[in-house]
Amino acid sequence: MSDLKGRAIGGEFIKYFKGIFAGTTTDVEYNCAQLFQERISLEDSEAPVCHPSHDEIKRVLFAMNNHKALGPSGMSAFRFKHYWSHLDKTSVMRF
């Protein structure tokens with residue numbers, strides 16, 4: 001490619017992107033949605049904000065070391081494990 005042709009292409013490139021990023025024209029709508037693929041389903045994207053189930057809480061609690069405190073109260077995992085059968089589902093979900 002000749003140097004003259006390379007400069008012309010480069011000049012067009014710069015002119016085009018200056019128009020997009022530095023221009024004051026707002027009549028052009030840029031839609032880039034077709035450039036991105038959906039990576040995860042809607043169901044999967046909502047999962048991190050869902051509350052854990054009773055069974056999930058129990059599974060995580062019983063996998064913990066007995067001497068670990070679950071929060072600032074200082075109560076150890078052992079205490080919750082010991083009294084698990086006395087807790088109803090509603091009280092567990094409040095934690």
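Looking at K68, its side chain never comes within 3.5 Å of a backbone N or O of F78 through a donor-acceptor pair.
When the side chains of ILVMFWY residues are joined at heavy-atom separations under 4.5 Å, either directly or via intervening members, V60 and W84 end up in two distinct hydrophobic clusters. F80 and F62 fall within the same hydrophobic cluster, where Ile, Leu, Val, Met, Phe, Trp and Tyr residues are linked whenever their side-chain heavy atoms come under 4.5 Å apart, directly or through other members.
To the nearest 0.5 Å, atoms CG (L61) and NZ (K81) are separated by 6.0 Å.
Annotation: side chain to side chain contact (heavy atoms under 4.5 Å, CB included) contacts of R79 (sequence neighbours excluded): M75, S76, Y83.
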